[in-house]
4 protein chains.
Amino acid sequence: MKAQELKKQSSVERILSAALEIFADSGFEGARIDEIAARAAVNKAMIYYHIGDKRALYARVLHDVFSDTATRLTQRVARAQTPVKKLKAYIRSMAATFEQHPLLPPILMREFASGGRNFPETVAEDMLRILDTVSSIVKQGHKKKVFIHVHPLVLHLMVVGTMTYIRSTRPVRQRLVDIAEKEVLLPESEDGSAPLADVEKLVLRAIKR
Amino acid sequence: MKAQELKKQSSVERILSAALEIFADSGFEGARIDEIAARAAVNKAMIYYHIGDKRALYARVLHDVFSDTATRLTQRVARAQTPVKKLKAYIRSMAATFEQHPLLPPILMREFASGGRNFPETVAEDMLRILDTVSSIVKQGHKKKVFIHVHPLVLHLMVVGTMTYIRSTRPVRQRLVDIAEKEVLLPESEDGSAPLADVEKLVLRAIKR
Amino acid sequence: MKAQELKKQSSVERILSAALEIFADSGFEGARIDEIAARAAVNKAMIYYHIGDKRALYARVLHDVFSDTATRLTQRVARAQTPVKKLKAYIRSMAATFEQHPLLPPILMREFASGGRNFPETVAEDMLRILDTVSSIVKQGHKKKVFIHVHPLVLHLMVVGTMTYIRSTRPVRQRLVDIAEKEVLLPESEDGSAPLADVEKLVLRAIKR
Amino acid sequence: MKAQELKKQSSVERILSAALEIFADSGFEGARIDEIAARAAVNKAMIYYHIGDKRALYARVLHDVFSDTATRLTQRVARAQTPVKKLKAYIRSMAATFEQHPLLPPILMREFASGGRNFPETVAEDMLRILDTVSSIVKQGHKKKVFIHVHPLVLHLMVVGTMTYIRSTRPVRQRLVDIAEKEVLLPESEDGSAPLADVEKLVLRAIKR
DNA sequence: CATGAATGAGTTTTCATTCAT
DNA sequence: GATGAATGAAAACTCATTCAT
C-alpha cells in the first residue's frame, strides 16, 4: 500500500491490519511494536492510546478475524440441507476463511504451538462455536447413516490441519525446490484452490459410508 | 530430572535437551538463553563455548531430531510389502516419531508459520528424503490400482497436519474445557495413541479404491 | 463528589482541587496530568489552556493554599493579648490550617525533602510572614520573662514538624498495626484533634519558664 | 568521589550508595535508573543483574539504613540506666542516625507523605522495634514519676519530626535568606549539632515532671 | 572447562505537551 | 472553551553476547 491509501483508513484500522501482518510474520514474541507502528504509519504511542499494550493488540487482532469466521461458518452450514452438503459447506467455509485471511494459518499454528499462551478468552468462545457446529454435522450424518463414526474433533483437526499446512508450508517447500531441483513440489494454483478441492474430496471419501 | 541425574549427562547433552524443551515451548524468539542455561544447569557462557550462538543451538537441536526420523521412516517402509502395508508403515512411523519426540510438533508448526526462517539446510535434506518415500508409495499404489490418484504432498500434509494438530492443540483444548464445561473435547488417551489410530483409518478410507 | 456536583464548580476550580489531591497523594513527579484531568472531569488540554504546564499548575495549587494560611495566622495572633495566648493562637492556627487542608502536610514534606525544587516564589513570601510572626511572639515572651530563650525557627519547626508527622504518618502506622497486631499505635481521634492538644501542652511546657 | 575511588568499591556498593543519594534527592518516582547507573559508574543492566528492579533497589537501600539504626538505638538505650538517661540516649541516637545518614530525612519524609507506598516490609519491622524502645522508656519514666503522661508515639513523632525538619528545610531556608535578606534564618552550625542540642533540651523540659 | 560480571543495543511502555477541528 | 488524536522524548527493563579470571 502506498502512503496515500494508508491515510484513507483510520488509524485504528491501519494499526490492526499492520499488526495482523506482522504477528502473522513474526509471531507474538517476534513482532515489534515499532515495526507495527511504522507499517501503520502511526506514532507508536497511538497504539497504546487506541488499543492498549502488545497483548491487547494481539487479542484484538485475533478476535476480529475469528469472530466473523465463526458466524459465517454457522450461517453457511445452517443453510445447507443434507449432512453431506453441510459438511461441504463447512469445509468450504473454512477454506474461504483461510483464503480471505491468509495470515490466519501461521498465527493459529504458532498459537497452538505455544499452548495458547496468548490466546484471548473471546477467541476461545469463537472456537467453541465452531466446534459445536462440526459436532452437530457429524452427529446428524451419523444418525442418518451417511457418515461413519468419527470424533468431530479429529475431523476438524484433520480439515484445519491439512489446510493450514498446505498454505503455510509453501515458503519452506519453495526453498526445498531451490535446493533439490529434481521434483515439482507445489501442486497448487497460486490461490491454493486446487489442493483445497483435493481436501474436500479426501475428507468426504474418508467419512462417507 | 534431579540435579544428580543431570550431572550424569555431559554438559552438551544437557544443553541440547534443555534447549529442545524450551524452543518447543517458546519458539525461537521466545526462548531465552538464560532459561536454557538454567534448565541445563550450565553456565550461560558454556553454551557459546560448546555450541555457539542462539541460531546455531537451534539448528543443532533441530538436526538432531530430524536426522534419525528420516532414516527410520525409509527403513520401515522398505520392509513393508504391499502399498497398503507401506502406507500403514509410513503413518505409524510418523506417529512413532511424534510419540518419541513430542516436542517436535510445536517446533515444526512454528517453523512453517515463520516460513522456515530458522530452518537449517541439513533439515531440508531430511525432509526431501521423507517426501520421496511418500511419493513412491503413492505412485506404486496407484499403478497397482489400490489407491486413487492423490498428490503425495497433499497426503503427507494431511497426515502430518492432522497428527501435529492433534498433539499440539491439547493445551488449548484443555482450556476450552475449563471455559465451556459442557462437552468433553479430549478423545485421546493420554499418549494420543487412540486418535492416531483414527487417523490411520481415515486416511486409508480416503485413499483406497 | 458526584458528577453533577462536579459540574457546578467551574472547570478551573475542579482542576485545582483535583490537582491538590493528586499532588498530595503522589508528589510532583508522581502526579499524572491524565489523572488530574480525569478526576476533574475535564479534557486534558483544558489544563494547559486555563492554567499552563505541570509546574504552573503546581505553583498555583500551592499558592492558593498558602496565601490565606499566613494572613489568618497573623490576624489570630494579633488578636491575642499575652505571649502565652499568642503562642496558643499560633499553635491552634497552624492546627486549623492542617485541619482545613489535610493535603498540605504531605505536600510540605515532599517540598522540603526535595529542597524546595518546585517551590514558587510567592509561597516563599508567605512563609516569611509566618516566621516573622513566630519570631515576635518568642521575642516578646522572652522579654516578659515568661518564655525561656529559644530560637524561633526551632520552635516553629517543632510545631510544624510534629503536627505534619502526626497527620501524615497515619497510613504507615496503620500498616504497622496490620503487620504487628500487638499494640495500638493510633492515639488520635479520627480528626487528629487529640494529639494536637498534646502538642500544645508539650510545647508550652517546653518553652515556659 | 573520583572515578578512581569509585572503582575500589564493589559494583553493588557503588550502586547502593549512588541509589541512596539519588533517591534522597529525587524521591522514588523522581529517581532515574540511568542516573543511578551513571553515578555508580556501572552499566545499567548490572543494577537488574545484581539487585533487581527499581522497587527492589529502593527496598534494599532503605533496609540497609534502617536495620542498623534500629539496633544501634536499642543497644544505646539499654546501656543507659535512669529513664532520663535513656531518653537522652534515644534522642542522641536518633540525632546520630541523621548525622550519619543525612539522606535519611528526605527519604523518610517522602515516604510518609506518600502513605508508605514504596515502604518495604522489612523496614516496617525495624520501625516497630524503634517504637517499642520508645514505649518502654516512656512507660518506665512514668512509673518512676519522672515523666508526665505522654503517648510514646507523639513523643517519637515530635523528636523525629523536629529533627528531620531542621535538617531537611535547610535548602528552602537558604532560599528564603536569599529572597528576604533581612534576617538570619539558619541558627545551626553546618552539621546541625546546635539545634539538635536544643531539641534535647526542649523535649526534656516538655516531658519531665 | 567453568564462572560471575559486564556490555550495548534494543524493546515495551509512559507521559507531558500540542494540534486540528 | 472543548475534544480526541497525535507527537516525541524519555523511562524501565531485557537479552544475546562477551570478557576476565
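Judged by distance alone, with hydrogens and angles left aside, the side-chain atoms of A:Arg175 form a donor-acceptor pair with the main-chain N or O of B:Gly116 at under 3.5 Å. A donor-acceptor contact shorter than 3.5 Å is absent between the side chain of A:Lys44 and the backbone of A:Ala38. Formation of a donor-acceptor pair under 3.5 Å by the B:Glu21 side chain with backbone atoms of B:Ala18 is not found in this model. With hydrogens and angles disregarded, a donor-acceptor distance shorter than 3.5 Å links the side chain of C:Arg14 to the backbone of C:Ala41.
Residue-level contact check: C:Asp53 touches the backbone only, with heavy atoms under 4.0 Å from sugar-phosphate atoms and none from bases. Nucleic acid contact for A:Ala37: none, since no nucleic acid atom lies under 4.0 Å from a heavy atom of the residue. Using a 4.0 Å heavy-atom distance criterion, D:Ala56 is classed as making no nucleic acid contact.
Ranking E:dT12, E:dA6, F:dA12 by closeness to the D:Asp34 side chain, first place goes to F:dA12. Side-chain proximity of D:Lys54 to F:dG4, F:dA12, E:dT12: nearest is F:dA12. Looking at the side chain of A:Arg32, the nearest of the listed nucleotides F:dG8, E:dT12, F:dT17 is E:dT12. Comparing E:dA6, F:dA5, E:dT18 by their closest approach to the side chain of C:Tyr48 singles out E:dT18.
Donor-acceptor pairing under 3.5 Å, judged by distance alone, is present between the side chain of B:Lys44 and the base of F:dT17.
The interatomic distance linking B:Ile51 (CD1) with F:dT17 (P) rounds to 13 Å, in whole Å. With rounding to whole Å, D:Glu29 atom CD is found 14 Å from E:dT14 atom P. The nearest whole Å value for the distance from the OH atom in A:Tyr49 to the P atom in E:dT17 is 17 Å. E:dT18 atom P lies 13 Å from atom CD1 of C:Ile47, rounded to whole Å. D:Ile33 places its CD1 atom 21 Å from the P atom of E:dG10, with the value rounded to the nearest Å. Between C:Arg55 atom CZ and E:dC15 atom C1' there is a gap of 15 Å when expressed in whole angstrom units. Residue D:Tyr58 contributes atom OH, which lies 15 Å from atom P of F:dA12 at whole-angstrom precision. Residue A:Asn43 contributes atom CG, which lies 15 Å from atom P of E:dA20 at whole-angstrom precision.
Nearest-nucleotide mapping onto DNA chain F: of B:Phe28 and A:Ala45, the residue sitting toward the 5' end is A:Ala45. Comparing B:Gly30 and D:Gly52 along DNA chain F, the residue whose closest nucleotide (by nearest heavy atom) sits nearer the 5' end is D:Gly52.
Using the Watson-Crick or G-U wobble rule with both distances under 3.5 Å, F:dT21 pairs with E:dA2. Base pairing of F:dA12: its partner is E:dT11, meeting the Watson-Crick or G-U wobble criterion (both donor-acceptor distances under 3.5 Å).
Contact check, A:Ser11 against F:dA5: no side-chain N or O comes under 4.0 Å of OP1 or OP2. For C:His50, a side-chain nitrogen or oxygen approaches OP1 or OP2 of F:dA2 to under 4.0 Å.
Below 30°, between 30° and 60°, or above 60°: for A:Phe28 and A:Phe23 the angle between ring planes is below 30°, a parallel geometry.
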Under the side-chain contact (heavy atoms from CB on, under 4.5 Å) criterion, do D:Phe66 and D:Met127 qualify, and how do the steps go? CA-CA 8 Å; D:Phe66 260 79; D:Met127 292 187 66; 3.7 Å; yes

